[in-house]
Amino acid sequence: MLELTDLHVEYEMEDGGSVKAVNGVSISLEEDKILGLIGESGSGKSTLAKAIIRLLAKNGHVPEGEIDYKGTDLTELSDRAFRKEMRWDEISMVPQNAMNGFDPVYTVGDQIVQAIRTHEDVSKADARERARELFEQLGIDPGRIDDYPHQFSGGMAQRAMIALALCLDPSLIIADEPTTALDVVIQDRILQTLRDLQTEFQSSIILITHDISVVSDICDDIAVMYGGRVVEHADVGTIIKEPRHPYTLGLRNAFPDIEEDDQDLISIPGTPPDLVDLEEGCGFAPRCPFATDECWDVTPEPTEYDDGHIVECHRADEQELLTEKAKQKETWMDDETDAALQVEEAND
Ligand SMILES: Nc1ncnc2c1ncn2[C@@H]1O[C@H](COP(=O)(O)OP(=O)(O)OP(=O)(O)O)[C@@H](O)[C@H]1O
């Protein structure tokens with residue numbers, strides 16, 4: 001249903017330079033699937049999402065690439081046509097912080113009713129009924145429909161935001177770190193609700209997060225972003241159990257596995273690349289313990305392994321060796337990698 005081809009997104013800066021926040025991304029999302037978009041802060045996840053729903057900051061634009069949504073290239077649509085035909089009806093978004101998504105001066109119910117009536121010719125009473133039903137489905141007491149946003153707890157506001165995103169029955173929902181501000185138990189419940197609703201509404205979801213353990217439970221596919229590119233993309237089982245990219249292997253080390261005791265959490269040394277002065281070569285090479293001269297000099301092309309497992313790494317063929325070495329702390333402590341390593345004992 002959604003196919004991005006060689007998508008680039010840039011932010012113009014006052015000094016005349018530009019931040020290449022998304023730098024040639026090609027991925028696809030099938031109908032009724034949840035795609036997890038993971039990567040460190042600054043890897044371009046939100047930018048990619050906002051480019052799809054056309055909510056980029058004023059200084060952002062798409063200089064190159066296609067966003068094919070059900071056969072329409074969204075980059076070719078006028079702003080007016082996009083607002084009328086696409087945003088909210090077809091593609092909606094749950095933002096990082098729900099409180100910012102609601103207008104504090106109107107009740108939550110009024111805002112959902114207004115969203116429905118702006119796009120559909122229905123009576124106020126019918127729209128209100130739909131909002132009440134959505135509240136119920138999301139586990140919010142429908143009696144709270146006339147509350148103002150500040151009267152909701154963080155978890156409830158986030159659920160109400162999901163109700164708003166679902167109220168026009170869109171085919172694609174983009175959820176940008178929808179639960180980061182919430183505690184783990186509520187986070188888990190909201191993600192499960194999202195999964196249940198996705199099955200019921202038969203919509204597709206792009207779920208953005210920096211936490212690989214969050215996505216493993218509810219996603220079908222995962223795309224790993226690094227430095228504005230998708231460096232690995234596959235079904236969730238493959239990404240969790242058989243990744244090939246050293247960055248994905250590193251991400252796996254950095255989050256605890258709930259099934260294992262006594263683990264060392266090893267973070268990836270160094271910092272993400274400068275997206276203003278992008279250099280030739282693999283963007284991860286300065287932090288990669290396995291980088292060779294070729295990695296520094298030549299940007300790797302996407303290569304497909306198995307069915308739909310796409311990796312951008314010159315050494316992706318050496319999966320067994322990389323996997324074994326990546327498990328060892330010493331690998332990430334090697335002085336030959338550019339950066340300092342921080343090792344945290346999981347059970348400290
Ligand atoms: N309006 C802007 N102007 C200039 N640079 C920007 C702007 N918005 C984002 N950036 C830069 O674009 C890059 C990608 O940012 P983006 O927010 O998409 O990353 P992210 O992976 O979503 O990070 P996070 O998890 O922190 O939200 C970063 O280097 C960021 O500083």
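These numbers come from the heavy atoms of this one structure, side chains and all, not from hydrogens, waters or symmetry mates. Start at 1 and go down the list; that is how both ligands and their atoms are numbered.
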In terms of residue, atom name and distance, what is the protein heavy atom nearest to [atom]?
atom                    : value
atom 4 (C) of ligand 1  : Tyr11 CB, 3.4 Å
atom 25 (O) of ligand 1 : Lys45 NZ, 3.1 Å
atom 19 (O) of ligand 1 : Gly44 N, 3.2 Å
atom 17 (O) of ligand 1 : Ser46 CB, 3.9 Å

Short N-O contact, [X] and [Y], less than 4.0 angstrom:
X      : Y      : answer
Asp126 : Arg117 : no
Glu324 : Lys327 : yes
Arg130 : Glu120 : yes

Greater than 12 external heavy atoms within 6.0 Å of Gln114's CD
no
Gln328, CD atom: more than 12 neighbouring heavy atoms under 6.0 Å:
yes
Nearest heavy-atom contact between Glu90 and Glu85 is CG-O, 3.5 Å
Closest heavy-atom pair, Pro243 versus Gln319, reported as atoms and distance to 0.1 Å, is O-NE2, 3.6 Å
With heavy atoms and a 4.0 Å threshold, my read on which part of Ser41 contacts ligand 1 is both
So for Leu48 against ligand 1, with non-hydrogen atoms under 4.0 Å, the contacting part is neither
Tested for side-chain contact (heavy atoms from CB on, under 4.5 Å) against Asp221, the lone hit among Val215, Asp235, Leu37 is Asp235
Could you list which atoms of ligand 1 come closer than 4.0 Å to a heavy atom of [X]?
X     : result
Ala21 : 12 (O), 13 (C), 14 (C)
Val19 : 5 (N), 11 (C), 12 (O)
Glu40 : 21 (O)
Asn59 : 1 (N), 2 (C), 3 (N), 4 (C)

Checking heavy-atom distances from atom 18 (O) of ligand 1 to each of Leu37, Thr47, Leu275, the winner is Thr47
Min heavy-atom dist [X] to ligand 1 below 4.0 Å:
X      : answer
Gly42  : yes
Ser43  : yes
Lys50  : no
Glu177 : yes

Would you confirm whether any non-hydrogen atom of the protein falls under 4.0 Å from atom 2 (C) of ligand 1? yes
| For atom 22 (O) of ligand 1, is some protein heavy-atom partner under 4.0 Å away? | yes
Partner of Glu312 under side-chain hydrogen bond (donor to acceptor under 3.5 Å, both in side chains), picked from Arg229, His245, His233, is Arg229
Check: Does any N/O atom on Ala57 come nearer than 3.5 Å to any N/O atom on ligand 1?
Finding: no
Do the numbers put Arg244 on top of the ring of Tyr305, so that NZ or CZ is under 6.0 Å from the six-membered ring centre and no more than 45° off the axis?
yes
Lys45 side-chain N/O to Glu40 backbone N/O, donor-acceptor pair under 3.5 Å
yes
